[in-house]
Amino acid sequence: ETMGDNRAIVLRGNGCVLTGATLEEATVMAYFLESAARVELAVLAAGDRVEDFEYTAEEAAVRAVTSGGIFERMWTHLTWGDPEA
């Protein structure tokens, strides 16, 4: 219920809950979420307001694409050289 149609939620204490259609997709989503958190921390450390950089709901919807093999390409990147992948 809390997640609704969202792919992820960040928990107040620590961590997150996220979903994906496959293990690979969920792993890539976790990577993207962690990357976004690093960028947000850098923005805050620079003294900027995060609100100045937030997308509107419409802008976010336009950017939330899954076409072009984005999950598959990132999975290949994340598992490069791993003999178990």
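The first residue in the sequence is number 1, and the count goes up from there. The structure displayed is predicted, hence computed values, not measured ones.
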Answer yes if Phe32 and Val10 sit in the same cluster of Ile, Leu, Val, Met, Phe, Trp and Tyr residues linked by side chain heavy atoms under 4.5 Å apart, and no otherwise. yes

Can Ile70 be reached from Leu78 by stepping across I, L, V, M, F, W or Y side chains whose heavy atoms are under 4.5 Å apart? yes

Between the CZ atom in Arg7 and the OG1 atom in Thr19, the distance rounded to the nearest 0.5 Å is 6.5 Å

When rounded to the nearest 0.5 angstrom, what is the spacing between OG1 in Thr76 and CH2 in Trp80? 8.5 Å

Within a strict 4.5 Å, meaning less than it, do heavy atoms of the Cys16 and Ile9 side chains meet? no

Measure from the side-chain N and O atoms of Asn6 to the backbone N and O of Ala8, and report whether any donor-acceptor pair falls under 3.5 Å. no

To the nearest 0.5 Å, what is the distance between CG (Leu23) and CH2 (Trp75)? 5.0 Å

Is the backbone N or O of Leu33 less than 3.5 Å from a side-chain atom of Arg38, with the two atoms forming a donor-acceptor pair by type? no

What is the distance from atom CE of Met29 to atom CD of Glu34, rounded to the nearest 0.5 Å? 13.0 Å

Is the shortest side-chain heavy-atom distance between Phe71 and Glu24 below 4.5 Å? no

Thr79 and Ala85 have their tightest heavy-atom pair at CB-CB, 3.4 Å

